[in-house]
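Here's the structure, in structure tokens; my notes come after.
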Amino acid sequence: MSATVEDSHRDRLRNGAHLVLLIVLVTAALLRLPGLNHLPPPLNQDEASRLYDAWSLLETGTDRHGDAWPMFLKSFGEGDYTASLTTILTIPFVSMLGPTQWAVRLPDALCGVVTIWLVFLLIRRMIG
């Protein structure tokens with residue numbers, strides 16, 4: 001009998017945790033997604049650089065310097081390189097939305113929401 005009560009209590013806690021997670025994820029998405037085309041107001045130089053490299057990789061298979069699918073993208077000066085992961089994640093969005101502010105900002109916003117879910121999974125695994 002006590003095992004059934006414990007299981008019922010555990011199920012209620014699990015359902016409550018999932019409800020809280022859902023509320024937090026929806027709130028995070030609502031805070032991140034609206035207004036991506038104008039918040040913050042202008043594209044900064046890093047966003048513009050990533051957008052152009054993503055568009056260039058999509059169209060030609062090379063970055064703006066002519067390097068084919070580099071691990072690190074040359075940025076603005078000698079010795080200034082950035083990892084290409086965020087640029088590569090931007091390519092599908094540039095393909096769907098064109099070279100726009102939405103296309104360059106949406107992957108980062110979605111990664112922010114997914115990070116909350118991953119932290120939840122990590123904490124759940126650690127706590128049990």
Side-chain angles (χ1 to χ4, degrees):
M1 179 96 159
S2 67
T4 305
V5 172
E6 287 178 21
D7 289 342
S8 174
H9 180 67
R10 190 174 303 128
D11 288 342
R12 279 193 310 249
L13 284 175
R14 185 175 295 128
N15 290 339
H18 287 126
L19 179 62
V20 169
L21 174 64
L22 179 63
I23 291 168
V24 169
L25 288 174
V26 168
T27 302
L30 289 174
L31 290 173
R32 284 177 170 84
L33 297 177
L36 284 178
N37 60 334
H38 63 275
L39 291 173
L43 277 178
N44 65 44
Q45 66 186 21
D46 293 330
E47 289 175 318
S49 175
R50 184 169 19 134
L51 180 60
Y52 185 73
D53 278 330
W55 177 78
S56 181
L57 285 165
L58 174 66
E59 293 292 319
T60 68
T62 63
D63 68 358
R64 63 184 154 173
H65 300 286
D67 298 326
W69 298 99
M71 293 275 294
F72 295 94
L73 296 163
K74 190 173 185 180
S75 290
F76 296 107
E78 193 62 38
D80 187 15
Y81 290 88
T82 59
S84 62
L85 178 61
T86 56
T87 302
I88 291 170
L89 290 174
T90 303
I91 292 172
F93 296 93
V94 171
S95 175
M96 291 183 293
L97 303 171
T100 62
Q101 289 177 331
W102 264 92
V104 74
R105 292 177 176 168
L106 187 57
D108 292 336
L110 293 176
C111 283
V113 174
V114 169
T115 299
I116 293 169
W117 176 65
L118 293 174
V119 168
F120 170 81
L121 292 177
L122 176 68
I123 291 170
R124 187 175 73 180
R125 184 175 180 110
M126 290 173 61
I127 293 175

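Computed from a predicted structure; not experimentally measured. Because only heavy atoms are used, hydrogens play no part in the values below, and waters and symmetry mates are left out as well, while side chains stay in.
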Between Trp55 and Tyr52, ring centroids under 6.0 Å: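 Under 6.0 Å, so yes.
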Look only at the side chain of [X] and the backbone of [Y], and say whether a donor-acceptor pair between them is shorter than 3.5 Å.
{"X": "Thr90", "Y": "Thr86", "result": "yes"}
{"X": "Asp53", "Y": "Arg64", "result": "yes"}
{"X": "Thr115", "Y": "Cys111", "result": "yes"}
{"X": "Thr100", "Y": "Ala103", "result": "yes"}
{"X": "Ser84", "Y": "Met71", "result": "yes"}

Cluster check Leu118, Val20: I/L/V/M/F/W/Y, side chain < 4.5 angstrom: yes
Path from Leu31 to Val24 over hydrophobic side-chain contacts below 4.5 Å: no
Restricting to non-hydrogen atoms, name the atom on [X] and the atom on [Y] that form the minimum distance, rounded to 0.1 Å.
{"X": "Leu97", "Y": "Leu106", "answer": "CD1-CD2, 4.2 Å"}
{"X": "Leu73", "Y": "Pro70", "answer": "CD2-CG, 3.4 Å"}
{"X": "Leu33", "Y": "Ala109", "answer": "CD2-CB, 3.7 Å"}
{"X": "Val113", "Y": "Ala28", "answer": "CG2-C, 4.1 Å"}

Do [X] and [Y] make a side-chain contact, defined as non-hydrogen atoms from C-beta onward lying under 4.5 Å apart?
{"X": "Val114", "Y": "Leu25", "result": "no"}
{"X": "Arg105", "Y": "Leu43", "result": "yes"}
{"X": "Leu21", "Y": "Arg124", "result": "no"}
{"X": "Val94", "Y": "Val104", "result": "no"}

Rounded distance (nearest 0.5 Å) linking atom [atom1] of [X] with atom [atom2] of [Y]:
{"X": "Leu22", "Y": "Thr27", "atom1": "CG", "atom2": "OG1", "result": "9.0 Å"}
{"X": "Ile127", "Y": "Leu122", "atom1": "CD1", "atom2": "CG", "result": "9.5 Å"}
{"X": "Ser49", "Y": "Lys74", "atom1": "OG", "atom2": "NZ", "result": "12.0 Å"}
{"X": "Arg50", "Y": "Thr82", "atom1": "CZ", "atom2": "OG1", "result": "8.5 Å"}

Qualifying ring pair (Phe, Tyr, Trp, His ring centres under 6.0 Å) pairs, either residue in residues 69-110, two or more places apart: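 Residue pairs passing ring pair (Phe, Tyr, Trp, His ring centres under 6.0 Å), neighbours aside: none found.
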